[in-house]
Amino acid sequence: MNLTIDYMKVSQLDEVFEIEKSCFVTPWSEESLRKELSENAVAVYLTALDGEKVIGYAGMWHVVNEGHITNIAVHEDYRRRGIGTAIMNRLMSEAKEREMIGITLEVRISNLNAQRMYTKLGFRPEGFRKSYYDDTREDAVIMWKYFTPDGHYYG
Ligand SMILES: CC(C)(COP(=O)(O)OP(=O)(O)OC[C@H]1O[C@@H](n2cnc3c(N)ncnc32)[C@H](O)[C@@H]1OP(=O)(O)O)[C@@H](O)C(=O)NCCC(=O)NCCS
C-alpha cells in the first residue's frame, strides 16, 4: 500500500460516496458532500489514498476554536491497518495548526470499534446525546480530545 493523506478533491467525491454508502445506515448524500467542499467555509475534508484510489476520508468543521468531526470512514478492505488513525492524526495536526482548543465528535453507543480507535487517540467520553440518531433513535457518546494542558479553555 502506498498511503497518502491530502485534502479531498471534488473529483474524488464518487469514490467517497461509495464508501459512505457502504459504511452508514443513513449516509450523507453525494450532494451534501459536494456542498461541504464547495460552500462550507469551515469544513476541512481529507482523503486517504492508496496510489490514486480513495480508501478513506474524514471531515471536520472549524467552529470558533473547536474542531467538530463530521464523519470518518475507511473502505472495508483496508480496515485495521492504521488508516483511520492516520487520518485522525492528520486532522489533529490541522486543528493544532489552526490553534483549536480540541476536537469533539459524536459516535453511536454501539460503535465500539470506532470508540476504541478514538480512545487510543486520546479522546475521552464527556457525555451523551439521548436518541441522537434519527434512524434508530440510538444515543450518541460525545467524545473530546483537548489540546490545552488542563483540558479546559481558559483565555
Ligand atoms: C472506525 C473506522 C474508521 C476505523 O478505521 P481503521 O482504519 O480500521 O482503524 P485503525 O486501523 O486505525 O484502528 C485503530 C484502533 O481502533 C480499534 N479498532 C478499529 N477497528 C476495530 C475492530 N474491527 N475491532 C476491534 N478494534 C478495532 C483498535 O484498537 C485499533 O488498533 P489496533 O488495530 O492496533 O488494535 C472503520 O472501522 C470504519 O470506517 N468504520 C465504519 C464507519 C464508522 O463507524 N465511522 C465512525 C463514525 S463515528
Apply the test side chain to side chain contact (heavy atoms under 4.5 Å, CB included) to residues Met143 and Thr104: give CA-CA distance (whole Å), side-chain angles for both, the deciding distance (0.1 Å), then the verdict. CA-CA 6 Å; Met143 299 186 86; Thr104 184; 6.0 Å; no
Option passing side chain to side chain contact (heavy atoms under 4.5 Å, CB included) with Ile103 (candidates His68, Met92, Glu66, Lys96):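 Exactly one option meets the side chain to side chain contact (heavy atoms under 4.5 Å, CB included) with Ile103, and it is Met92.
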Minimal non-hydrogen separation, [X] against [Y], with atom names:
X      : Y      : result
Leu3   : Ala48  : CD1-CB, 4.0 Å
Asn113 : Arg116 : OD1-NH1, 2.9 Å
Gly56  : Ile19  : N-CD1, 4.0 Å
Ala95  : Phe147 : CB-CE1, 3.7 Å
Arg79  : Cys23  : NH2-SG, 3.1 Å
Leu46  : Ile87  : CD1-O, 4.1 Å

Closer than 4.0 angstrom, basic N to acidic O: yes or no for Glu106 and Arg129?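 A salt bridge links Glu106 with Arg129.
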Per the side chain to side chain donor-acceptor pair (under 3.5 Å) rule, which among Thr136, Asp135, Asp134 passes with Thr26?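 Running side chain to side chain donor-acceptor pair (under 3.5 Å) over Thr136, Asp135, Asp134 with Thr26 returns exactly one hit, Asp135.
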Starting from [Y], can I reach [X] by hopping between I/L/V/M/F/W/Y residues whose side chains sit under 4.5 Å apart?
X      : Y      : result
Val107 : Leu91  : yes
Leu112 : Leu105 : no
Met60  : Leu37  : no
Met117 : Phe24  : no
Phe123 : Val74  : yes

Show the numbers, then the answer: is there a side chain to side chain contact (heavy atoms under 4.5 Å, CB included) between Ile72 and Tyr118? CA-CA 11 Å; Ile72 174 164; Tyr118 299 136; 3.2 Å; yes
cation_pi(Arg90, Tyr7) dist<6.0 Å, angle<=45: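 Yes, a cation-pi geometry.
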Donor-acceptor pair, [X] side chain versus [Y] backbone, under 3.5 Å?
X      : Y      : result
Glu126 : Trp144 : no
Thr119 : Gln115 : yes
Asp139 : Ser131 : yes
Thr47  : Val54  : no

Would you kindly say whether [X] and [Y] are connected by a side-chain donor-acceptor distance under 3.5 Å?
X     : Y     : value
Tyr78 : Asp50 : yes
Tyr45 : Glu36 : yes
Arg34 : Ser29 : no
Tyr57 : Glu15 : no

Spacing of [X] atom [atom1] and [Y] atom [atom2] [to the nearest 0.5 Å]:
X      : Y      : atom1 : atom2 : result
Lys120 : Met88  : NZ    : CE    : 14.0 Å
Arg81  : His75  : CZ    : NE2   : 11.0 Å
Tyr133 : Glu138 : OH    : CD    : 7.5 Å
Thr85  : Leu121 : OG1   : CG    : 5.0 Å
Met1   : Leu49  : CE    : CG    : 11.5 Å
Glu20  : Leu13  : CD    : CG    : 11.0 Å

How about [X] and [Y]: do any of their side-chain heavy atoms sit closer than 4.5 Å?
X      : Y      : value
Met8   : Leu33  : no
Ile142 : Phe128 : no
Ile83  : Ile55  : yes
Asn111 : Ile109 : no

Using a cut-off of 6.0 Å, state whether more than 12 heavy atoms not belonging to Lys35 lie near its atom NZ.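 No.
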Under 6.0 Å from the CH2 atom of Trp28, do we count more than 12 heavy atoms belonging to anything else shown?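 More than 12 heavy atoms, drawn from other residues, nucleotides or ligands, come within 6.0 Å of this atom.
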